[in-house]
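The basis for the numbers below is simple: all heavy atoms, side chains too, and nothing from hydrogens, waters or symmetry mates. A, B, ... follow the sequence lines: proteins, then strands. Residue 1 opens every chain. Everything numeric here is computed off the predicted structure, so don't read it as measured data.
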2 protein chains.
Amino acid sequence: MKIGDLAAKTGVAPRLLRYYEEVGILHPFRSANGYRSYGEPAIERVLQIRELLESGFTTEMIREVLPCLDDPRPAECVVKVDLEALRRQLGNVERRIDVLQRNRDAIKTYLQIWEESPGVTSDS
Amino acid sequence: MKIGDLAAKTGVAPRLLRYYEEVGILHPFRSANGYRSYGEPAIERVLQIRELLESGFTTEMIREVLPCLDDPRPAECVVKVDLEALRRQLGNVERRIDVLQRNRDAIKTYLQIWEESPGVTSDS
DNA sequence: ATTGACCTTCACATTAATGGAAAGGTTTAG
DNA sequence: CTAAACCTTTCCATTAATGTGAAGGTCAAT
């Protein structure tokens with residue numbers, strides 16, 4: 001699968017797919033002509049990257065969190081997992097969930113107040 | 001409370017407190033000399049802003065989410081709440097929670113695998 | 001009254017993520 | 001064979017959030 005195909009299937013611009021490779025969170029191989037070549041798993045991978053980026057993770061954090069789930073990274077990497085970083089990021093994720101749940105509840109409560117008292121919405 | 005005090009109590013640099021005012025998510029009053037003056041609630045407020053920023057929200061989204069929870073914004077604002085935006089952001093928050101929970105579970109599972117099989121950690 | 005520690009505004013620099021164009025090679029369709 | 005549609009690398013621009021410094025006003029203490 002070439003970069004344009006992956007872009008089409010994920011909705012992520014080729015420019016970004018190259019960027020993700022540059023920062024080390026996506027690892028296509030190269031075909032003879034030098035074109036990047038992606039496997040099927042890359043689709044899921046890219047979507048996960050987008051989710052994490054939109055959740056406020058940096059590419060650096062993502063690099064720690066997606067260690068050996070790489071497509072063309074064979075078993076040697078299985079050894080280089082940084083457990084410490086992974087635990088740190090787990091704490092990170094859990095704190096974020098906490099924050100978001102608190103804010104979700106706050107917004108919900110706020111909305112309920114307005115929905116219960118019918119009347120003014122966004123006037124003028 | 002002056003800007004330096006608020007910075008000390010929240011750990012957020014004065015520069016940023018001014019920035020948050022500029023983008024309309026923090027509304028100090030001014031004392032006679034022109035100094036910004038913050039009330040006690042500003043502390044909680046700033047901490048909440050930090051949490052949301054670190055969870056990937058932009059200041060613009062925050063402006064929608066923290067509508068009338070302002071310190072010195074009297075009752076007139078009670079009318080200008082953008083319910084539509086608020087509902088949109090609620091969906092946003094819920095999607096994010098979802099993403100994070102999935103990733104938390106994935107990381108947890110991954111960690112368990114490594115913790116169960118004792119041996120190699122991060123060797124050089 | 002001067003010093004030091006605050007505060008003000010203004011402006012420019014940086015970082016991460018992203019957009020976009022230039023210059024050139026490759027592949028595919030006609 | 002040529003043109004269109006890809007791909008490559010390189011470089012420069014933008015946006016949001018932040019850092020930092022200049023030039024100057026205020027205030028508390030000595």
Under 3.5 Å side-chain donor-acceptor pair for B:Gln89 and A:Asn103: no
- prompt: When the nearest nucleotide of DNA chain D is assigned to B:Glu60 and to A:Ser37 on a heavy-atom basis, which residue is associated with the more 5' position?
  reply: A:Ser37
message: Of the listed nucleotides (C:dG19, D:dT8, D:dT18), which one gets closest to any side-chain atom of A:Ala13?
response: C:dG19
- request: When you get a sec, tell me which of C:dA16, D:dG25, D:dT18 is the closest nucleotide to the side chain of A:Thr58?
  value: C:dA16
OP1, OP2 of [N] versus side-chain N and O of [X]: anything below 4.0 Å?
X	N	result
B:Arg36	C:dC7	no
B:Tyr20	D:dT18	yes
A:Arg18	D:dT8	yes
A:Arg50	C:dT18	yes
A:Asn33	C:dT27	yes
A:Thr59	C:dA17	yes
A:Tyr19	C:dT18	no
A:Arg15	D:dT9	no

Closest heavy-atom pair and its distance - B:Leu6, B:Thr10: O-OG1, 2.7 Å
message: How long is the straight-line distance from CD of A:Glu54 back to CZ of B:Arg96, given to the nearest 0.5 Å?
response: 7.0 Å
- prompt: Can you tell me how far the CZ atom of A:Arg95 sits from the CG atom of B:Leu100, to the nearest 0.5 Å?
  reply: 12.0 Å
- prompt: Starting at OH of B:Tyr35 and ending at P of C:dA5, how long is that distance when rounded to a whole Å?
  reply: 14 Å
